Amino acid sequence: MTERIVQTIRTVPQMRGEIAARRAAGATVGFVPTMGALHAGHLALIERAASEHDVVVVSIFINPAQFDRADDLERYPRDEAADVKAAAAAGATICFTPNVTEIYPQDFASSVQVRGTLTETLEGQERGVGHFDGMATVVTILLNIVGADVAYFGAKDAQQALVVRRFVTDLQIPVEIVTAETVRDRDGLALSSRNARLSAGGREQALAISAALQAAANAISNGSADSPEAANAAGIERLRAAGIAPEYFAIADPSTLEPARQLSGTLLIACAATVDGVRLIDNLTVSANREAATANC
Ligand code: PAF
């Protein structure tokens, strides 16, 4: 990998100027939008972008518009210096770290809204569609500022990635969207910026989330569940045993998020739960085709 020197940019005109200059020199641009608190999942996205592009922009912007609770926004972990250092080590060339008024100037009055099952179910049902309106609006703004060839998102936020693909297609934003696999700790816990707020006991309890997803996936692939409800029950049972009452535990079509009516094709199993006062989400995809599942083992 070529050695990269990271540049920190805080304003939109500077960001546009820098990208225009790099493009004039023939560079391609990869983009990883983040809210900071970078972990190995973000770094994997940055590394991938760095292996595919000359310039890698990482935005670090905690977007107030996508938080449904003020205390969640307040407690979101912040350490810009550590984030810039980690992004640089992973191969970022530019860290875009605007302040809130740079993104939302005083007279800001617009919103990007995706409507339908994609935003109204799962996270949308629990947090309200306003969460996705806030996310879609800021991602549109960031894509417009950065003008990347490819933008990278993590599969842990599967619903977010689907919503991004929807508005990028609908609004004809000229960027390719890549969704990269969820990065997990060795014991299965999906990496999340929020994990930093878990106590040791809370982290132990949180392991039940990935275990429950796996229990439901196993019940589907080994045939012990004969319906989505039965697979769901296998997952919920695992959560209950760990003392977790999920906000949702759902088996859905991975491209529409409609609830699965039968066990066939590829299915998304998604869960959200608050553990130790920290709201966590995770998901898995599983093939309900038993021959394929066996062949993949
Ligand atoms: O996934 C996130 O961290 C955020 O939703 C994103 C895409 C950076 C937009 O604020």
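As the structure lists them, so they are numbered: ligands from 1, and atoms in each ligand from 1. As the structure is a prediction and not an experimental result, all values here were calculated from the model.
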Of the choices M135, Q66, H131, which has the non-hydrogen atom that lies closest to atom 10 (O) of ligand 1? Q66
At less than 4.0 angstrom from any non-hydrogen atom of V138, what atoms of ligand 1 do you find? 9 (C), 10 (O)
Does an N or O anywhere in N63 fall below 3.5 Å from an N or O of ligand 1? no
Is it the case that T101 and N99 place a side-chain donor and acceptor less than 3.5 Å from each other? yes
Less than 3.5 Å apart, any donor N or O on the side chain of R22 or T93 sitting next to an acceptor on the other? no
How about R48 and V178: do any of their side-chain heavy atoms sit closer than 4.5 Å? yes
Please list, in number order, the atoms of ligand 1 under 4.0 Å from a heavy atom of T34. 8 (C)
Residue, atom and distance of the protein heavy atom nearest atom 3 (O) of ligand 1 read M35 CG, 3.6 Å
CG of D72 to CZ of R127: how many Å apart, nearest 0.5 Å? 6.0 Å
CG/N232 to CD1/I220 distance, rounded to the nearest 0.5 angstrom? 9.0 Å
If you scan protein heavy atoms around atom 1 (O) of ligand 1, the nearest is Q160 NE2, 2.8 Å
